[in-house]
*Asks:* 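Have a look at this one before I ask anything.
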Amino acid sequence: MLQEITSQYNANKIEKNIHRFWEENNAYKRVRESREGASKFFFVDGPPYTTGHIHLGTAWNKVIKDSILRYFSMNNYDIHERAGWDMHGLPIEVKVEGILGFQSKKDIETYGVGNFINKCKNFAIEQKDNMTEQFKSLGVWLDWENPYMTLRDEYIEAAWWTLKQAYDKDLLEEGQRVVNWCPRCETAIADSEVDYFEITDPSIYIKFRLKEEENTYVVIWTTTPWTIPSNMAVAVHPSFEYSKVKATNPEGNDEVLILASDLVEDVLKQGRYTDYEVLEKMSGKDLEGLSYHHPLADAVSKQAEFEHNIYTADYVTAEKTGCVHIAPGHGMEDFEVGVENGIPVFCPVGADGKYLDEAGKYSGEHIRDANQTIINDLKHRGVLLAEESINHRYGHCWRCKTPNIYLATVQWFLKISDIKQNMLSEIQKVDWYPEWAGTSRFKDWVEGARDWCISRQRYWGIPIPVWKCSSCGSIDVVGTKQELIKKSNAGKHIELHRPYVDDLTIECDCGGSMSRVEDVFDVWFDSAVASWATLGYPQSEEDFHRWWPADFITEGHDQTRGWFYSQLGASMVAFEQSPYESVMMHGFTLDKYGKKMSKSQGNVVDPLEVVDKYGADTLRAYVLSTSAPWDDLKFNWEGVNQVYSNLNILWNVYRFPIPYMVLDNFDPKQVSMDLISKHLRKEDKWILSRMQSVIKDVDDAMSDYQLHKAIRAINEFVLEDLSRWYIQLIRPRTWVESEDPDKLVAYRVLYDVFVTLSKLIAPFTPHMAEEMYQNLVRNVDQYAPITVHMNDWPLPEEEKVDKELESHMQIARSIVESSANARQKVKRKLRWPVSRIVVAPDDKEASNAVDNLRSVLMDQTNAKDIELLDPDEEWSELGLEAIPDPSAIGPVFKKNAGDVINAIKSSNPSELKESIDSYGESSVSLSDSSAATVTSDMVNFQRTLPDTVASAEFEGGIVYVDATLTSDIESEGFAREVIRRVQDMRKELDLSVEENVKSLIKIDDERVAELVKNMETYISKEVRADTLVIGTNISTDGDYVKDWNVEGIPMEIAISPLESSSGNV
RNA sequence: GGGCCCGUAGCUUAGCCUGGUGGAGCGCACGGCUGAUAACCGUGAGGUCCUGCGUUCGAAUCGCAGCGGGCCCA
């Protein structure tokens, strides 16, 4: 049996119940199992990092995933998905360091790496558990029981195995490179981990004294004085023009400077030179080979051993001086210039950002502190041309926010440059949504990609499985746990994290002992192997062969550089093909002003707050419907509230007919669609047709992941077609109290629409869908699938589609709206019937619509009759007015113009028009009895409405509403006014719908009292009055008495519930 | 500084690919309905389509330049 719904839409209560229902019935698992063996759909969840709290962006991300998976599931796909968790890496180390109050790696070493790792592990697991509950509260169905976790042995093995593939294919390389380095975390930082924001740095110009020429300097500029001790060369652009200028410095001495011609003025101004003269102009190429004295050679004795020359490089820009200081140990491009020209790498800076002994007088000093020391030293040596400061964007460690430095270090790299071309061609095979995500954005990123530094000098991560012999230097890469156990001195039970693996040694062929390289993997490498790690590969191959590669993944646009890239790179190394076949890139959540949400701005919105206030379905529908998935989402509470109202309307539409159905013991099993198909009214066929159109719209939208369009289509159907129209049309049918086939048909049609609707909304608002389904379907049929989500997606039924009817209904609605508009003009409420409406259609289509839907129109316009004119026929009852045009009459009739105007006004407009239409002119008689000839330009004709008629245009013609009052109409109008007030009072007394009353109505107007009396039977029936007395002079005793003013007539109405009056007897 | 995306009513947006008088919803004002009633519905006002230049008979739409926002990079 259907259950009556009396309550308002209470999202939190419904969702809590639904969650419990899913839990108790194991709904998620049973749905997945029900699709086993169907076409495969392998989805890989991009693993969120276990920071502890989901934010709006991750909520949106998971809701998109959940909606798409639910949709595919209902469309009979066998879905493989596991929730994923990214649990290693520096961010967690930094958090744990914070909890433990640590400042540096030394604190960790003192505390013990094993203890530290345990803390990290526990922290990650705890956060994972918290976040799981948060995601679940959004109604997200993923395999939360059995997620993939990057800290698990089988996952670590997948990473190890992948590295071994790289090694076997000669794509793994150990080498010295310049990397982003965090001096606090004392580790290399991936390009993708660098966080750029603005800081203030020194900005200095330095003169390097040439060896070849007296008193001549090449001028360079830098924001990192601390790299000057490491300077090894100067680079100029080969084709720029440089000038050699003789200039007078502030001390009044002349010196010769070399710099880019265009920048001479500016630099000399910076250095407060008073006068200058250009001695010579040359190209950068001409400068190549010149040598100079290192300005700090006396302080850094090692520098005295090196040669310092000028080289050319294409990357040099025409900014500042056009001459670039080269320190191969501290810059990526510097390093490349060094490699090309055989310049030694001199890098006297340690991992902690302090100078090493090689740095001479600066040894032991932190580079940041050394900046000022070095500026002073340069000043003393007279080579500091100018000093100022600059605000610029600079790279920082993305977790601890320490400014990065570039450091030449020995690291492990994946040789992306070797596989880049293949990556680019794989990108083309992938389906990208939107298309530009792949063809423009991702392609650009991959084209610019460099070799991937995968090593980190940290603790909490997947240990890099490279063992190196201390004697001969040869290396071995271990691919699995078993391999390690077999090769090493390990026992059977080993832990794959640091520090345990650090102690394991492998015997080298040379007889020496191999021990592990101390590094751990860059966390991006962890998630990079997710698509096969989640399938248990390489341990088990069966799932891999069945599912891989992924059919679909979706993440935010920041993952272009991140997971889209790292997965592709790792997969090319391992399998030489893309690990995904289609990718949807979604947007970012911003605040209502379009600014990014950040803790420091205080504009962060917690998704759980939205759930708390409005419910998960509202949050889901909001994020899915507000913008296209790939556009950024400007979060706006007003928008959330609006989505909530829409869901509320759906709820009300759904609960409206149920009390009647329950009252009538309506059983959808007894009343099949077949049974009623012959008795369908036009409006019934119409809503069924519209329902089909919506299914198609949703399918079309979903076929290219336009989730916003799918939801908007459903929403429009609910609001426009169901709530605003169909429900209005069938309300009177649901009130009929007898066994009425017409009522049953309406019930059945509504029922069918609701059941279909519950399936259509299931992917998007799964709780509301389940709530409706359980009542509508499961309460009626215990053999139906246990959850709405186990149902098949509704298939469009072509035979139900009637496009002509849809179009006619559209016209009918327009006529009803326009007649309401016209009613407002003559101030006649809808409650008062009108004697007729007259429809003047533009064409046959509109005319047919009126014919076809006459009863709907009469109902909804509350008209006693509808007159339909032929297309373009003018309504015969319209009046005509002749309007003279003085600007045409004046010039012709001069003095008599006024007379002519009056004559036109007082003429018979119809005759005048007929004559002008026929002959182009007409004659009117003037006051002096003479005649004047009026031509067509002198007069305009306008149709006029009878006094009690108002008109309005609808799409397809004009509608006239005749509001002429007759006594019948007044009777009915007043009767309905009375009824409305009695109903209002019944409501105030909180009477049930069936309860009978006694009512006394005193009307202070003889005529109106008579009019109302005429409708006595009608009124009694409508208000369920067993006793009804209407009169001008009656007593109005009753349980509830109220004074009213109806259209200016005072009335006094008394009602008494019969139960209480019978109790008095 | 570069790549990609976004900019339409107070707010959220459709239309842009394929040029032809800019549509909705919310909010606001006024009104209707009163057996969905703490619900539902109608009408109305409200727009430099970010700015400028160009192409075109015609530009929200195409092109160029700029401004603002976002992501990514340098």
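Given the structure is predicted, the values throughout are model-derived calculations rather than measurements. A note on names: the letters A, B, ... follow the listed sequences, proteins ahead of strands, and every chain is numbered from 1.
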*Asks:* Please state whether the phosphate of rU34(B), meaning OP1 or OP2, lies under 4.0 angstrom from any side-chain nitrogen or oxygen of Arg981(A).
*Replies:* no
*Asks:* Could you please name the option among rC40(B), rA74(B), rU12(B) that lies closest to any side-chain atom of Arg450(A)?
*Replies:* rA74(B)
*Asks:* Considering all heavy atoms of both residues, which atom of Ser819(A) and which atom of Val959(A) are nearest to each other, and what is their separation?
*Replies:* N-CG1, 3.9 Å
*Asks:* I want to verify a distance call: between rG32(B), rU12(B), rC5(B), whose nearest atom is closest to the Trp436(A) side chain?
*Replies:* rC5(B)
*Asks:* Looking only at heavy atoms, which two atoms of Met985(A) and Lys1042(A) are closest? And how far apart?
*Replies:* CE-CB, 3.7 Å
*Asks:* Any side-chain N or O of Arg655(A) under 4.0 Å from OP1/OP2 of rU37(B)?
*Replies:* yes
*Asks:* Once you apply a heavy-atom cut-off of 4.0 Å, does Val653(A) come out as touching a base, just sugar-phosphate, or nothing?
*Replies:* base
*Asks:* Roughly how many Å is it from CD in Glu716(A) to P in rA24(B), rounded to a whole number?
*Replies:* 11 Å
*Asks:* Once you round it to whole Å, what is the distance between P of rA14(B) and CD of Gln642(A)?
*Replies:* 13 Å
*Asks:* Taking OP1 and OP2 of rC73(B), is either one under 4.0 Å from a side-chain nitrogen or oxygen of Arg561(A)?
*Replies:* yes
*Asks:* Can you check the Gln559(A) CD to rC72(B) P distance for me, whole Å?
*Replies:* 9 Å
*Asks:* Would you mind telling me which residue lines up with the more 5' stretch of RNA chain B, Phe656(A) or Thr560(A), judged by nearest nucleotide?
*Replies:* Phe656(A)
*Asks:* Checking base pairs now: Watson-Crick or wobble, both atom distances under 3.5 Å. What partners rU48(B)?
*Replies:* none
*Asks:* What is the distance from CG of Leu590(A) to C1' of rC72(B), rounded to the nearest Å?
*Replies:* 15 Å
*Asks:* Assign Arg712(A) to base, sugar-phosphate, or nothing according to its heavy-atom contacts below 4.0 angstrom with the strands shown.
*Replies:* sugar-phosphate
*Asks:* Does Tyr747(A) have its ring centroid less than 6.0 Å away from the ring centroid of Tyr660(A)?
*Replies:* no
*Asks:* Could you verify whether a donor N or O on one side chain and an acceptor N or O on the other, from His325(A) and Thr227(A), lie under 3.5 Å apart?
*Replies:* yes
*Asks:* Decide if the gap between the ring center of Trp445(A) and the ring center of Phe442(A) is smaller than 6.0 angstrom.
*Replies:* no
*Asks:* Calculate, to the nearest 0.5 Å, the distance between atoms CG and OH belonging to Asp201(A) and Tyr394(A) respectively.
*Replies:* 7.0 Å
*Asks:* For Asp558(A), which contact category applies under a 4.0 Å heavy-atom criterion: base, sugar-phosphate, or nothing?
*Replies:* sugar-phosphate
*Asks:* So, OP1 or OP2 of rU34(B): does either fall under 4.0 Å of a side-chain N or O from Arg831(A)?
*Replies:* yes
*Asks:* Between atom CG in Asn641(A) and atom C1' in rG10(B), what is the gap in whole Å?
*Replies:* 16 Å
*Asks:* Under 6.0 Å from the ring centre and within 45 degrees of the ring axis: does the NZ or CZ of Lys443(A) meet both conditions for the six-membered ring of Trp432(A)?
*Replies:* no
*Asks:* Nearest whole angstrom, please: distance from the C1' of rA39(B) to the CG of Leu650(A).
*Replies:* 14 Å
*Asks:* Has the side chain of Arg441(A) got a donor or acceptor atom sitting under 3.5 Å from an opposite partner on the base of rC71(B)?
*Replies:* yes
*Asks:* Write down the distance between CG (Asp444(A)) and P (rC5(B)), rounded to a whole number of angstrom.
*Replies:* 10 Å
*Asks:* Expressed as a whole number of angstroms, how long is the span from Glu720(A):CD to rC26(B):P?
*Replies:* 9 Å
*Asks:* For the side chain of Leu830(A), counting heavy atoms from C-beta on, which of rA14(B), rC33(B), rA74(B) is nearest?
*Replies:* rC33(B)
*Asks:* rC41(B), OP1 or OP2 - any side-chain N/O from Ser723(A) closer than 4.0 Å?
*Replies:* yes
*Asks:* May I ask which nucleotide in the shown strands pairs with rU43(B), Watson-Crick or G-U wobble, both distances under 3.5 Å?
*Replies:* rA29(B)
*Asks:* Map Thr626(A) and Ser645(A) onto RNA chain B by nearest heavy atom, then report which one ends up closer to the 5' terminus.
*Replies:* Thr626(A)
*Asks:* Could you check whether Lys709(A) gets within reach of a base, just the sugar-phosphate, or nothing at all, counting any heavy atom under 4.0 Å?
*Replies:* sugar-phosphate
*Asks:* What contact category does Ile727(A) fall into here, base, sugar-phosphate, or nothing, at under 4.0 angstrom with non-hydrogen atoms?
*Replies:* base
*Asks:* May I ask you to say what Arg813(A) touches in the nucleic acid, namely base, sugar-phosphate or nothing, with a heavy-atom cut-off under 4.0 Å?
*Replies:* nothing
*Asks:* Of the listed nucleotides (rU12(B), rG42(B), rG70(B)), which one gets closest to any side-chain atom of Arg724(A)?
*Replies:* rG42(B)
